[in-house]
There are 2 protein chains.
Amino acid sequence: MNEAFKALADPTRREILQLLREKSMNAGDIADHFKISKPSISHHLNLLKQAGLVMDERQGQHILYTLHTTVVEDVMGWMFNILNKKDKEESS
Amino acid sequence: MNEAFKALADPTRREILQLLREKSMNAGDIADHFKISKPSISHHLNLLKQAGLVMDERQGQHILYTLHTTVVEDVMGWMFNILNKKDKEESS
DNA sequence: TATACATTTAGATAAATATCTAAATAAGGA
DNA sequence: TCCTTATTTAGATATTTATCTAAATGTATA
């Protein structure tokens with residue numbers, strides 16, 4: 001989960017996740033939303049992929065990126081635990 | 001919220017937050033939980049403070065650090081939004 | 001006030017990261 | 001097969017970050 005936290009630390013990568021929340025997109029269309037170069041976006045996409053936050057699938061000439069929410073849920077779980085002082089203290 | 005995401009990206013800082021979830025602690029006691037130097041811990045505590053994730057309060061010779069959950073909730077909200085594709089799509 | 005303890009600040013350094021341009025790979029179509 | 005388009009990989013560079021030791025600051029107490 002450390003990789004996911006690190007991936008989420010960058011504003012560009014968070015914005016990519018927000019784009020993908022709406023719909024899956026290919027690398028080029030994602031890159032068009034930003035001012036930085038395509039190779040940089042490709043690098044960010046790779047980090048998101050390593051972190052398990054997105055999945056990629058080649059579709060002909062394009063590569064389609066899709067949000068993958070399992071790890072997001074894991075991170076949310078960690079955060080939720082922080083909010084609840086001592087998860088062992090009571091059960092009811 | 002960017003500072004909070006960046007603060008959460010470091011494993012030592014996340015561990016500090018987990019310590020403080022149990023109870024408020026002073027800088028020295030926090031540092032004793034780690035192998036790294038006190039100045040390094042002080043630096044991490046400062047970043048957590050800048051991010052709004054902890055608060056500090058001098059108590060005599062010691063400085064007491066306390067978890068501050070408002071920003072954690074903000075981050076959770078962001079994550080929650082990512083999980084729900086298109087928050088505008090329906091209301092019921 | 002002198003001393004000890006707790007913590008931070010200063011300054012240095014090594015490692016990690018974000019970004020770029022240029023080149024390579026992969027697929028589709030003439 | 002040749003050319004175009006889509007994307008990634010390689011390699012370089014500047015910035016940021018985590019860490020350290022040494023010094024400074026703040027508080028308590030003899």
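Please read these numbers as outputs of a predicted model, since none were measured by experiment. Note on naming: letters A, B, ... go to the chains in the order of the sequence lines (proteins, then strands), and numbering restarts at 1 for each one.
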- prompt: Between A/Glu3 (CD) and C/dA16 (C1'), how many Å, whole number?
  reply: 14 Å

task: Let me know, please, whether A/Gln61 or B/Asp56 comes out on the 5' side of the other along DNA chain C by nearest nucleotide.
output: B/Asp56

query: Among the nucleotides D/dT8, C/dT7, C/dT19, which one has an atom lying closest to any side-chain atom of A/Ala27?
result: D/dT8

- request: Check every strand shown and say whether B/Lys6 touches a base, only sugar-phosphate, or nothing at a heavy-atom separation below 4.0 Å.
  value: sugar-phosphate

- request: May I ask you to decide if A/Asp29's main-chain N or O and A/His33's side chain share a donor-acceptor pair within less than 3.5 Å?
  value: yes

- request: Provide, to the nearest angstrom, the distance between the CG atom belonging to A/Leu64 and the P atom belonging to D/dT7.
  value: 10 Å

field: Test item: A/Asn81 and A/Leu83 side chains (from C-beta on) under 4.5 Å apart, heavy atoms
entry: no

- prompt: Are A/Arg14 and B/Asn2 close enough, and set up right, to give a side chain to side chain donor-acceptor pair (under 3.5 Å), and what steps lead you there?
  reply: CA-CA 10 Å; A/Arg14 289 199 303 277; B/Asn2 184 42; 3.1 Å; yes

field: Shortest side-chain distance from A/Ile63, nucleotide among D/dT8, C/dT9, D/dC20
entry: D/dT8

query: When all nucleic acid strands are considered with a 4.0 Å heavy-atom cut-off, which category describes B/Leu47: base, sugar-phosphate, or nothing?
result: sugar-phosphate

field: Non-hydrogen side-chain atoms of B/Ile16 and B/Leu53 separated by less than 4.5 Å
entry: no

message: Let's see if you can work this out: which of D/dA10, D/dT4, D/dT27 has an atom nearest to the side-chain heavy atoms of A/Pro39?
response: D/dA10

message: Under 4.0 Å, counting only non-hydrogen atoms across every strand here, what does A/Asp10 touch: a base, just sugar-phosphate, or nothing?
response: sugar-phosphate

message: I need the CZ-C1' distance between A/Arg14 and C/dA18, as an integer number of Å.
response: 15 Å

- request: Compare the minimum distances between each of C/dC5, C/dA18, D/dT5 and the side chain of A/His43, then state the nucleotide with the smallest one.
  value: C/dA18

query: Atom CD1 of B/Ile36 to atom P of C/dT13: distance rounded to whole Å?
result: 20 Å

- prompt: With respect to the side chain of B/His44, which nucleotide from D/dA10, D/dA28, D/dA18 is positioned closest?
  reply: D/dA18

- request: Can you figure out which of C/dA27, C/dC20, C/dA6 approaches the side chain of A/Arg58 most closely?
  value: C/dA27

query: Counting just side-chain N and O atoms, does B/His62 come under 4.0 Å of either OP1 or OP2 of D/dT27?
result: no

task: Return no unless some side-chain N or O of A/Ser40 is found under 4.0 Å from OP1 or OP2 of C/dC20.
output: yes

- prompt: Rounded to whole angstroms, how far apart are CD on A/Glu15 and C1' on C/dA18?
  reply: 15 Å

message: C/dA6, OP1 or OP2 - any side-chain N/O from B/Tyr65 closer than 4.0 Å?
response: no

task: Could you check how far CD1 of B/Ile41 sits from C1' of C/dT7, rounded to whole Å?
output: 13 Å

- prompt: Looking only at side-chain N and O atoms, does B/Asn26 come under 4.0 Å of OP1 or OP2 in C/dT7?
  reply: yes

field: Nearest to side-chain heavy atoms of B/Ser37, which nucleotide of C/dA18, D/dT21, D/dT7
entry: D/dT21

message: Tell me the interatomic distance from B/Gln59, atom CD, to D/dG26, atom C1', rounded to whole angstroms.
response: 15 Å

query: Given side chains that start at C-beta, do those of B/Tyr65 and B/Glu57 come closer than 4.5 Å, heavy atoms only?
result: no

- prompt: Are the charged groups of B/Lys38 and B/Asp32 less than 4.0 angstrom apart, N to O?
  reply: yes

Atom-pair distance (CG on A/Leu48; C1' on C/dT17), nearest Å: 14 Å

